[in-house]
Novice: 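I'd like to ask some things about the structure below.
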Amino acid sequence: MPETSKPIRVTVWSENRHEKRDELVARLYPEGMHGAVKAGIEEKLGSAVEVRTATLDEPEHGLTEEVLANTDVLTWWGHMSHADVEDEIVERVHRHVLAGMGLIVLHSGHWSKIFTKLMGTTCTLRWRSEHDRELVWTVEPTHPIAKGVPHPIVIPEQEMYGEFFDIPTPEELVFISSFSGGEVFRSGCTFRRGHGKIFFFSPGDQDYPVYHHKDIRRVIANAVEWAVTDRPERAVPELLRYETNDFFNGKSYQGANA
């Protein structure tokens, strides 16, 4: 928790389309997948957070400039409708991440426009949905995101994600997963882009009740606390020109971008 009495402002974003079209998903997540993620964060962090939700079919996908300016950490779940996310909104979220907003990308959000833009790679992987058991192993036990998390987390049924996962080398690898088919996967990774902190966490397919799992909820809540910037204000890194021996009064310089 940052050194402030103010609660962490969290926006939980998801497509909210599987829940409308698939009876199984609607049964598993009657309040939507975003509702389950929101409930888990509130359950673990209580009054330390203020959590709102936003979904794809809201105006501007629920991610207006005002919403993002008042979001310390954004969680992102997408799957069937990545292409429907407007590029203008992706650019907006990207700018806020570079300026210091935390981003937690969940499960199939690995293929979202925002994650692939931030990573600069295809973010493709190996997968299979055949009710595999997943074991989530902690490989960085001193990391704040791993606090209070059992080793391993046991998920009885889950979609398999496996290597090769086409992402840049993570700055920190917190979790790896193994599956009943023998596959392994880098399932919990951190990155930094600009002033923003990013955590990718793979467990959470729509066909399984993973976001009701108490240990998965603990990981996401820990990640919310970790992803909050400690910078006093949000600002995109800027190219500044400094006079010799003046270390503090840089002047804006656009150069070739003007």
Novice: Does the pair R27 and E19 meet the rule for a salt bridge (charged side-chain N to carboxylate O under 4.0 Å, His left out), with working shown?
Specialist: CA-CA 8 Å; R27 186 166 68 250; E19 301 91 320; over 6 Å; no

Novice: Salt-bridged, K20 to D57, with N to O below 4.0 Å?
Specialist: yes

Novice: Just checking E233: does its CD atom have more than 12 heavy atoms from other residues, nucleotides or ligands closer to it than 6.0 angstrom?
Specialist: no

Novice: Given F200, which of W77, F165, F191 fulfils the ring-ring contact (aromatic ring centres under 6.0 Å, His included) condition?
Specialist: F165

Novice: Could you tell me if the ring centre of Y161 sits under 6.0 Å from that of F179?
Specialist: no

Novice: Aromatic ring centroids of Y29 and H34 under 6.0 Å?
Specialist: no

Novice: Start with the C-alpha distance between D84 and R17, add both sets of side-chain angles, then the distance that settles salt bridge (charged side-chain N to carboxylate O under 4.0 Å, His left out), and finish with yes or no.
Specialist: CA-CA 11 Å; D84 292 343; R17 287 192 172 173; 2.5 Å; yes

Novice: With a 4.5 Å cut-off on side-chain heavy-atom distances among I, L, V, M, F, W and Y, is there a chain of contacts connecting F199 to I220?
Specialist: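 In one cluster with F199: I220, yes.
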
Novice: Would you call V12 and V51 a side-chain contact if the rule is heavy atoms closer than 4.5 Å?
Specialist: yes

Novice: For the pair E42 and K38, find out whether any cationic side-chain nitrogen is under 4.0 Å from an anionic carboxylate oxygen.
Specialist: yes

Novice: Check whether V174 and I216 end up in the same hydrophobic cluster, where Ile, Leu, Val, Met, Phe, Trp and Tyr are linked by side-chain heavy atoms less than 4.5 Å apart.
Specialist: yes

Novice: Going by heavy atoms in the side chains, are Y253 and L240 under 4.5 Å from each other?
Specialist: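 No, their side chains stay 4.5 Å or more apart.
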
Novice: State whether R128 and E159 are salt-bridged, where the test is any N-O pair (Lys NZ or Arg NE/NH1/NH2 against Asp/Glu carboxylate O) under 4.0 Å.
Specialist: no

Novice: Check whether any side-chain N or O of K197 sits under 3.5 Å from a backbone N or O of W226 as a donor-acceptor pair, and report yes or no.
Specialist: yes

Novice: Give me the ring orientation class for W137 and H151: parallel if the planes are under 30° apart, tilted from 30 to 60°, perpendicular past 60°.
Specialist: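 W137 and H151: perpendicular rings.
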
Novice: Less than 4.5 Å apart, side chain to side chain, heavy atoms only: is that true for E91 and E86?
Specialist: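 Result no, sub-4.5 Å side-chain heavy-atom pair not found.
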
Novice: Over 60° means perpendicular and under 30° means parallel, so tell me whether H131 and Y208 are parallel, tilted or perpendicular.
Specialist: perpendicular

